[in-house]
Amino acid sequence: MRETRTIALTDSEQELMQILWRLGKAFIGDIMAEMPHPAPRQTAVAARLRILESKGAAAHEVFGKSLRYYPLLQRDRHIRGLICGIASQYFDSSFTDMVRFVASSGDISADEAAAAAEVLDRAQQLRG
């Protein structure tokens, strides 16, 4: 499994990134409207957004006195990095061992296992 680095995010930063990925571009009020209630104070959300900007995960554009935020970190690349990190850290970078572990947990239904097998078959066919 190819190693892909990603930006380390706290749970609260991850929550904000999920919202930014879903909305694309958003003002702080739009972001807060998407947060579970009770939402943190606007100043706390703004501080987290500044941290995301300092990490290179998000940026903003200025509209008068308002800031509209948008993601710089690509969702798929971030997820791939997280999965590769787990595979590397816990499964000696073996995708097969990771899948075996998940499958042996008993949390996957027969339908999900069949669907996953189809996805893997299609991916193999595309590679030739």
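No hydrogens, no waters, no symmetry mates; every other heavy atom, side chains included, goes into these values. Note that the structure is a prediction, hence the values are computed from the model and not measured.
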To the nearest 0.5 angstrom, please state how far the [atom1] atom of [X] sits from the [atom2] atom of [Y].
{"X": "R75", "Y": "L20", "atom1": "CZ", "atom2": "CG", "value": "13.0 Å"}
{"X": "M98", "Y": "S88", "atom1": "CE", "atom2": "OG", "value": "11.0 Å"}
{"X": "C84", "Y": "F95", "atom1": "SG", "atom2": "CZ", "value": "10.0 Å"}
{"X": "F101", "Y": "I86", "atom1": "CZ", "atom2": "CD1", "value": "10.5 Å"}
{"X": "L9", "Y": "R48", "atom1": "CG", "atom2": "CZ", "value": "12.5 Å"}
{"X": "Y70", "Y": "E53", "atom1": "OH", "atom2": "CD", "value": "8.5 Å"}

Student check: side-chain heavy atoms of [X] and [Y] closer than 4.5 Å:
{"X": "Q14", "Y": "H78", "answer": "yes"}
{"X": "R80", "Y": "L82", "answer": "no"}
{"X": "D111", "Y": "S109", "answer": "yes"}
{"X": "I51", "Y": "E13", "answer": "yes"}
{"X": "I28", "Y": "L49", "answer": "yes"}
{"X": "R68", "Y": "D30", "answer": "no"}
{"X": "Q74", "Y": "W21", "answer": "no"}

Connected via hydrophobic side-chain network under 4.5 Å: I79 and L72: no
No-hydrogen, no-angle side-chain donor-acceptor test under 3.5 Å, T96 and S94: no
Greater than 12 external heavy atoms within 6.0 Å of D121's CG: yes
For the residue pair [X] and [Y], what are the closest heavy atoms and their distance?
{"X": "V45", "Y": "P40", "value": "CG2-CG, 3.8 Å"}
{"X": "A26", "Y": "I31", "value": "CB-CG1, 3.8 Å"}
{"X": "M17", "Y": "P71", "value": "CE-CB, 3.8 Å"}

Lys/Arg-Asp/Glu bridge criterion (N-O < 4.0 Å) met for R22, E34: yes
side-chain contact (heavy atoms from CB on, under 4.5 Å) assessment of V62 paired with L67: CA-CA 5 Å; V62 179; L67 303 178; 3.7 Å; yes
Stepwise side-chain contact (heavy atoms from CB on, under 4.5 Å) test for T10 and E15: CA-CA 9 Å; T10 65; E15 179 183 23; over 6 Å; no
Ring centroid separation F27 to F63 under 6.0 Å: yes
